[in-house]
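Below: the structure, in structure tokens.
Every value quoted in this text rests on a predicted model; they were computed, and no experiment measured them. Numbering of residues begins at 1 and proceeds along the displayed sequence. In listed order, ligands and their atoms are each counted from 1.
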Amino acid sequence: MKIHVVANEQEMSIKTANIIADLVRKKPNAVLGLPTGSTPLGTYRELARMFREENLDFSQVHTINLDEYIGLSKYHPQSYRSFMRKQFFDHINIDGRNTHVPDGMAKDVEAECRRYDEMMFRYGHTDLQLIGIGPNGHIAFNEPADSFTPDTHVSILTESTINANQRFFQNPDDMPRTAISLGMRGIMSTRHLILIACGEGKAEAVANSCFGPVTPRVPGSLIQLHPYVTVIADEAAMTLCPNKLSELDD
Ligand code: GLP
């Protein structure tokens with residue numbers, strides 16, 4: 001595990017965007033696993049700038065998103081499909097047919113979960129998987145539980161996640177209580193896993209994920225078992241693990 005401690009969110013975003021851009025330049029048809037949330041916003045902005053100003057070409061790139069709320073159509077402003085369009089896809093030259101987000105309106109959600117896994121299986125793996133982390137250690141919508149869930153599944157959101165994400169909804173009660181989420185196998189079957197985090201609200205989740213026991217109670221802790229992980233976090237998010245850093249900085 002390589003940990004980069006950066007001064008602030010902007011540095012985190014630029015460093016992350018540079019890694020993604022390097023990959024896309026080397027492998028124009030790269031498959032990127034992408035998250036939503038406030039943490040990746042700066043990264044998406046920086047990649048869009050590189051597209052405009054540095055000819056970074058996304059025309060052959062494929063993307064697979066981590067999750068989607070159940071019950072929100074792709075046109076709903078808070079759906080993750082809509083988020084991705086507004087924050088990233090509309091600002092680059094990606095082919096919409098190469099972008100994948102679970103369908104939160106699927107009549108048969110279990111069938112939608114299987115379809116998503118089969119789609120992932122056809123790709124084999126992602127070249128890079130970017131993830132944020134919830135304050136309770138959730139990644140995608142894999143919530144703390146008694147066991148890890150490997151497959152794409154319906155996740156019942158915890159109070160912690162509802163509290164953390166309600167701020168995006170005009171009426172907080174409109175936030176769905178369930179979501180379709182990639183499972184841990186989908187997330188872990190990537191060549192390069194990048195965890196980004198900023199702010200002290202993530203300090204406990206980052207410390208537990210990088211240095212705590214590997215446990216489904218902290219889903220992010222599973223990243224310790226991945227052979228190629230990069231953590232990019234600001235100082236505030238690293239406050240609970242500063243003196244252990246040198247052990248992991250290979
Ligand atoms: C949601 C997403 C996660 C994301 C998390 C953190 O719950 N499902 O993929 O990591 O939010 O969000 P933020 O970056 O806004 O803190």
Ionic contact status for [Y] with [X], cut-off 4.0 Å:
X      : Y      : value
Asp146 : Arg217 : yes
Glu112 : Lys107 : no
Arg115 : Glu118 : no

- request: Describe, in one word, how the ring planes of Tyr228 and His192 are oriented to each other, choosing from parallel (under 30°), tilted (30 to 60°) and perpendicular (over 60°).
  value: parallel

- prompt: Just checking, is any N or O donor in the side chain of Thr16 or Ser13 under 3.5 Å from an acceptor N or O on the other one?
  reply: no

Under 4.0 Å, heavy atoms only, figure out whether ligand 1 is touched by the backbone of [X], its side chain, both or neither.
X      : value
Thr39  : both
Arg167 : side chain
Tyr69  : neither

If you have a sec, work out which protein heavy atom is nearest [atom] and how many Å separate them, to one decimal?
atom                    : result
atom 11 (O) of ligand 1 : Asn165 ND2, 3.9 Å
atom 3 (C) of ligand 1  : Ala140 O, 3.6 Å
atom 12 (O) of ligand 1 : Gly37 CA, 3.9 Å
atom 8 (N) of ligand 1  : Asp67 OD2, 2.7 Å

message: Given Arg81, which partner from the list Thr99, Asn65, Asp103 fulfils the side chain to side chain donor-acceptor pair (under 3.5 Å) test?
response: Thr99

Polar proximity ligand 1 side, Thr161 side, N/O cut 3.5 Å exclusive: no

- request: Say whether Thr36, considering both its backbone and side-chain N or O atoms, lies within less than 3.5 Å of an N or O atom on ligand 1.
  value: no

What atoms of ligand 1 come within less than 4.0 Å of a heavy atom belonging to [X]?
X      : result
Ile133 : 6 (C), 10 (O)
Gly132 : 10 (O)
His138 : 1 (C), 5 (C), 7 (O)
Lys202 : 13 (P), 14 (O), 16 (O)
Tyr80  : 1 (C), 2 (C), 8 (N)

- line: Tightest non-hydrogen contact, residues Tyr123 and Asn98, listed as OH-O, 4.5 Å

field: Smallest separation among heavy atoms of Ile180 and Thr152, with atom names
entry: CG2-CG2, 3.7 Å

message: Surrounding CD1 of Ile156 (heavy atoms of other residues, nucleotides or ligands, distance under 6.0 Å), is the total greater than 12?
response: no

